[in-house]
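The first residue of the sequence shown is numbered 1, and numbering continues consecutively from there. Side-chain atoms are counted along with the backbone in the values below, which use heavy atoms only and exclude waters and symmetry mates. In each ligand, atom 1 is the first atom listed, and ligand 1 is the first ligand listed. Computed from a predicted structure; not experimentally measured.
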Amino acid sequence: MNGIKIIGSGSAVPDHVVTNDDLAQIVDTSDAWISERTGIRTRHFIQADENASDLAILSAKRAVETAGIAPEQIGAVVVATITGDTTSPSTANRVALALGVEPNTPSFDISAACSGFVYALKVAQGMIADESRRPYAVVVGVEALSRDLDFTDRSTCILFGDGAGAVVVKSEPDAAFDAVLGAESDPAIGVPGDINKTEFITMDGRRVFRFAVRIMPKIIQDYLAKTGETLDDYDQVIFHQANTRIIEHASKKLGLTPDKVYENLDHYGNTSGASIPLALDEMVQMGRIKKGCRILCVGFGAGLTWGAAGITYTGPEH
Ligand code: ACO
């Protein structure tokens, strides 16, 4: 099957910034506790007149613009989210409409929480593999998690933020792309499923932490065993941004140097399915990801789910 490569990226976060001190006004916590245990200092929250689809559309439009492609060249729109505005229309349906893709273009959401973007890359590869006329897919990760937070639970409400990241991928025979994905049914993290429900995100933090430090290095080892590569074949590793301690633990175990591991938790918090593409676009904008850069995306999260995907950033074709 053809592989895929990234030719454009975009991102969007709400304007409203919430600091640790702001949260300390609401629950019994402190800036010191949050930043030492998680690495988070600020996060962005949507306001009453904003939804996940607004962020998804903005990030997708920016990705398409930087890729320099026309809407009629898009063969699929795949959105990873657990906080879409509605189950139907899906967030991807809304993004496709806003982009102005042709009516016979598949668009749908993927529910794999913080691993969602990695899953979505693998699905997008298959969706456009035999599309000779429209070999491009828009892949978005978006969350409006603040909507589902219990602001009486200090162990969860301090962790999450809202945002979106998007990429345009192109299907090509020679594009080096591969992925390993996994999942098991485990209620360690509970996520409400619909905008009208009144339940909140729940989490057994210690259990998730133990799972994360075990699974992150293992996914990478499984991925490298599958592809026959080593970490030297990758310029950047983008971990799901859940907790700086988890990222540091995985990096140490794998012998990754700081120049290969990016972190933006401090200003975004955990944005679940959005965290990897949000980091990716930020790295492109700051020049840390350049043309030809090999990137390993690594996610874990609710489900439980996990996955790793290796892909090349080539930038726009023209
Ligand atoms: N402020 C102050 N104290 C707090 C806070 C807070 N915000 N939250 C918890 N505490 C207290 C606890 O009550 C506990 O007090 P006690 O000892 O008196 O009982 C103490 O701090 C220690 O609590 P722990 O839960 O053991 O703290 P820990 O060091 O494990 O950190 C954390 C908690 C940050 C949640 C950590 O477990 C973690 O990062 N887990 C992984 C979370 C994650 O990665 N989630 C990603 C998936 S999310 C998704 O997929 C949607």
Side-chain angles (χ1 to χ4, degrees), residues 18-43 52 80-84 109-120 141-164 181-193 199-217 219 239-251 263-266 268-276 278-279 297-307:
V18 176
T19 66
N20 291 344
D21 285 335
D22 292 335
L23 291 175
Q25 306 289 318
I26 304 168
V27 286
D28 182 14
T29 190
S30 66
D31 176 45
W33 194 96
I34 299 171
S35 53
E36 278 164 24
R37 299 283 178 123
T38 69
I40 301 165
R41 293 186 180 280
T42 61
R43 73 286 288 144
T81 188
I82 51 169
T83 49
D109 291 355
I110 286 182
S111 172
C114 309
S115 314
F117 182 74
V118 178
Y119 271 61
V142 62
E143 302 296 357
L145 290 155
S146 64
R147 206 188 59 203
D148 293 336
L149 293 179
D150 179 354
F151 285 99
T152 65
D153 177 6
R154 66 179 180 175
S155 68
T156 54
C157 74
I158 52 110
L159 296 174
F160 299 98
D162 301 334
L181 306 171
E184 64 190 42
S185 182
D186 186 315
I189 307 164
V191 180
E199 299 155 22
F200 301 114
I201 288 177
T202 56
M203 187 174 63
D204 181 342
R206 285 183 204 182
R207 189 148 153 239
V208 175
F209 194 93
R210 284 197 300 273
F211 161 72
V213 295
R214 177 178 61 80
I215 203 75
M216 294 281 252
I219 313 163
F239 288 109
H240 165 51
Q241 307 283 309
N243 185 317
T244 198
R245 287 189 291 148
I246 295 172
I247 294 174
E248 280 168 11
H249 186 278
S251 303
E263 281 189 49
N264 63 10
L265 268 158
D266 59 330
Y268 291 138
N270 177 350
T271 57
S272 188
S275 89
I276 293 173
L278 190 53
C297 303
V298 188
F300 77 93
L304 302 168
T305 56
W306 57 91

Distances under 3.5 Å, N/O of ligand 1 against N/O of the protein: list each pair and its distance.
from	atom 1	to	atom 2	distance (Å)
ligand 1	1 (N)	T29	OG1	2.6
ligand 1	3 (N)	W33	NE1	3.4
ligand 1	7 (N)	T29	OG1	3.1
ligand 1	7 (N)	R154	O	2.9
ligand 1	13 (O)	R154	NH2	3.0
ligand 1	26 (O)	R206	NE	2.5
ligand 1	26 (O)	R206	NH2	3.0
ligand 1	27 (O)	R37	NH1	3.2
ligand 1	29 (O)	R37	NH1	2.6
ligand 1	29 (O)	R245	NH2	3.2
ligand 1	37 (O)	G205	O	3.2
ligand 1	39 (O)	N243	ND2	2.6
ligand 1	40 (N)	G205	O	3.0
ligand 1	50 (O)	A302	N	2.9

Acceptor/donor pairs from residues 204-213 side chains to any protein atom, 3.5 angstrom cut, sequence neighbours excluded:
from	atom 1	to	atom 2	distance (Å)
D204	OD1	R207	N	3.3
R207	NH2	D186	OD1	2.8
R207	NH2	D186	OD2	2.8

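Residues that satisfy the side chain to side chain contact (heavy atoms under 4.5 Å, CB included) test with T81, not counting sequence neighbours, are V79, T83, T91, D109, V142, E143. In this view, T244 and E248, E263, L265 satisfy the side chain to side chain contact (heavy atoms under 4.5 Å, CB included) rule, not counting sequence neighbours.
No hydrogens or angles considered: nothing links the side chains of N243 and T38 as a donor-acceptor pair under 3.5 Å. Remark: the D21 side chain and the T19 side chain contain no N/O donor-acceptor pair separated by less than 3.5 Å.
Formation of a donor-acceptor pair under 3.5 Å by the T305 side chain with backbone atoms of A112 is found in this model.
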